[in-house]
Structures are given as structure tokens and as C-alpha cells.
Amino acid sequence: MEQQNQFPTTGQVIYGPEASVRTFLSHVFAYMATALLLSGIMAWLFASTPSLLSYLYNVNAEGYITGRSILGWVVMLAPLGLVFLMGGLVEKMSGTALLATFLAFATVMGISLCYIFILYAPEAIIRVFFMSAGIFSIMAVAGYTTKTDLTKLGSLLFIGLIGIIIGSLVNAFLLESSTMDYVISILGVIIFTGLTAYDMQKLKRLGDVVATGTEAAQKMALMGALSLYLDFINLFLMLLRLFGRRD
């Protein structure tokens, strides 16, 4: 769930008469949509194929899942590692290598999310997905059109993000409180809703100065897509925990 502020900081800002915010953002959303589609396909494929699911979870003689396998834990943690890899080596990686890593991230992330098809009814997943898409779209438009500088808000939201990560870990391993889980989910919705607007404004500003058609522009678009993808996925998961009807 860790992800924000993963935009590249290339040595210099690239200016050019061909710079276009809309062109840049169209690339960002194209990458994001591709990642979401890939993740969705992989999640459904693993959830609907028992032979694949058995690699991720241990199943007892009665057919009930008893826990994650070693590979399941690797798959669960791998997306976070790939996010750090992209953020830390973005300036050293080529555009092609960054794209390959981004697609690998989306693939593994999708596999790690297959559990939602086990825990929640399909109609609940679909309903919450469109709810998330609506909220995300509204906040993306708000971030694009607002004249208010959201930098300070972004800093506060990032602090809040760290807080819910710590709270989630404490609750998962120590408290196991359903009330705490509910509170974390509500705060998560608020935080990722705000981060969507913040990241969108930041991307708009990047689009003002980046020269389209360059490798630097591709890298910025990929990292922007990564941030928006994670905003959306985390918003979706938090809403699913609140409104998803469990099977």
C-alpha cells in the first residue's frame, strides 16, 4: 500500500514548444488503464483456477484455505518491492526497462489481489469498483481544475498514509479489532480520495513542462500512472472493506 511521491526527479526539467498537458495525461491514463486491466485479468484468472490458487494458499483435506503458502507471501510482498525499485532506480533505468517493471508490478499485484474474489461476492466487487471509479474521476477532475495549491494537503495526507499503514499492521498482528479495521477503512477512503486530487494536480504541473515524445516523458508518465493506479486500488480496497458483501 506504500506508494506516494514516486515521480522521477530527472536532472533537469525539459521544456519544449510541443509540450502538451493533455498529451502527457493521456499517456498517464493509458498506462494506468493497461495496468488495471492486467491486474484484473490476473486476479480473476488465479481466483477461478484452483490449480493456480493452490500455489498461493494452503488448503486442508476439506478444501478450506488455511493460510498463505511461501509463494503466496512472496507474491503479496513483491508489489511493494517493485514500487521501491521503480522509485529508486527510475533515473538509471531505460524507458523500456521501466515499462517492463511497471507491467510486472501490475501482473504480480493482480495475482496478490485474487483473494477478493474469494472473500467477496462478484456483484459486490463490481458495485464497489464502479463506486471507486466515480469517486476517483471526481477527485481527478477536481485536482486538474482547482486553482488551490494542494502541496500542503499532500504532505498531511502522506503522514496520514503512514499512520494507517502502521495502524493496519498493529491491528492485523496484535489487536485484531473489527472496529479498528472499520476506522482504518474510513480514514483510508478519505486519504486516498485526497491523494487522487493531489497527484492529479502534480501530474498536470509535470505536463506543463515535459517535452512529449522523449524518454523522460515516458518515465514521468509511467511513474504518474503508478501513483494514480495505487490511489485507485487502495481506494477500491478500502471501500470494499466497508461496503463489500462477503460470501
Side-chain angles (χ1 to χ4, degrees), residues 1-7 25 28-29 31-33 35-36 39 76-77 79-84 86-87 105-106 109-110 112-113 115-116 119-120 124-125 127-206 223-244:
M1 202 159 58
E2 176 71 37
Q3 85 271 21
Q4 299 302 320
N5 297 327
Q6 295 296 333
F7 300 106
L25 290 179
V28 170
F29 282 106
Y31 287 134
M32 176 188 170
L36 286 174
S39 293
M76 186 182 74
L77 297 174
L80 181 59
L82 289 172
V83 168
F84 282 122
M86 293 177 69
F105 161 80
M109 187 70 176
S112 72
L113 291 175
Y115 74 89
I116 67 173
L119 290 180
Y120 301 98
I125 295 173
R127 182 177 65 251
V128 173
F129 178 85
F130 282 107
M131 184 189 303
S132 304
I135 295 173
F136 180 89
S137 299
I138 291 171
M139 296 311 297
V141 171
Y144 183 87
T145 57
T146 185
K147 303 300 182 182
T148 303
D149 187 353
L150 301 180
T151 302
K152 291 184 179 179
L153 176 63
S155 299
L156 292 174
L157 291 172
F158 185 71
I159 293 173
L161 173 62
I162 300 300
I164 65 170
I165 291 174
I166 295 173
S168 296
L169 292 174
V170 171
N171 191 47
F173 294 103
L174 297 177
L175 301 178
E176 298 184 352
S177 167
S178 58
T179 301
M180 185 68 169
D181 185 68
Y182 184 76
V183 171
I184 290 173
S185 297
I186 293 175
L187 292 175
V189 170
I190 295 171
I191 288 170
F192 288 108
T193 297
L195 283 172
T196 298
Y198 166 75
D199 284 337
M200 190 63 191
Q201 184 180 80
K202 192 167 186 178
L203 285 168
K204 179 183 178 182
R205 290 173 176 173
L206 280 175
M223 297 308 294
L226 175 64
S227 288
L228 291 182
Y229 169 96
L230 288 169
D231 289 339
F232 180 87
I233 286 294
N234 283 294
L235 175 62
F236 167 71
L237 292 176
M238 293 296 176
L239 287 171
L240 193 59
R241 289 162 64 177
L242 290 173
F243 301 110

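Note that the coordinates shown come from a computational prediction; the quantities given were computed from them, not determined experimentally.
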S.K.: How about L203 and L206: do any of their side-chain heavy atoms sit closer than 4.5 Å?
M.R.: yes
S.K.: What I'd like to find out is whether the side chain of I186 reaches to under 4.5 Å of the side chain of M238, using heavy atoms alone.
M.R.: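 Counting from C-beta outward, I186 and M238 never come under 4.5 Å.
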S.K.: Do F158 and I162 come within less than 4.5 Å of each other through their side chains, counting heavy atoms only?
M.R.: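 Yes, side chains in contact.
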S.K.: Would you check if the side chain of Q201 reaches a backbone N or O of K147 as a donor-acceptor pair within less than 3.5 Å?
M.R.: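 Here the side-chain-to-backbone pair does not exist.
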S.K.: Is there a donor-acceptor pair closer than 3.5 Å between any side-chain N or O of S112 and the backbone N or O of M109?
M.R.: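 Yes, the answer is positive, given that a donor and an acceptor are paired below the 3.5 Å cut-off.
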S.K.: Hey, is CZ on F129 packed in by over 12 heavy atoms from elsewhere, all under 6.0 Å?
M.R.: no
S.K.: Is there a donor-acceptor contact under 3.5 Å from the side chain of T146 to the main chain of A142?
M.R.: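 Here the side-chain-to-backbone pair does not exist.
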S.K.: Output all residues satisfying side chain to side chain donor-acceptor pair (under 3.5 Å) with S185, sequence neighbours left out; order by chain, then residue number.
M.R.: R241
S.K.: So, taking the atom named CG in L156 and the one named CG in L161, what distance separates them when rounded to the nearest 0.5 Å?
M.R.: 12.5 Å
S.K.: Indicate yes or no: at least one non-hydrogen side-chain atom of I116 is less than 4.5 angstrom from one of F236.
M.R.: yes
S.K.: Mark yes or no for whether N171, through its side chain, and G167, through its backbone, hold a donor-acceptor pair below 3.5 Å.
M.R.: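 Not confirmed, N171 side chain does not pair with G167 backbone.
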S.K.: Please determine whether a side-chain nitrogen of the Lys or Arg among K204 and D199 lies less than 4.0 Å from a carboxylate oxygen of the Asp or Glu.
M.R.: no
S.K.: Strictly distance-based, threshold 3.5 Å: is any side-chain N or O of R127 a donor or acceptor partner for the main-chain N or O of F243?
M.R.: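 Side chain of R127 to backbone of F243: a pair is present.
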S.K.: Would you mind telling me which of L235, L157, I233 makes a side-chain contact (heavy atoms from CB on, under 4.5 Å) with F192?
M.R.: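 The option that passes is L235.
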S.K.: Is there a donor-acceptor contact under 3.5 Å from the side chain of T196 to the main chain of F136?
M.R.: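 Here the side-chain-to-backbone pair does not exist.
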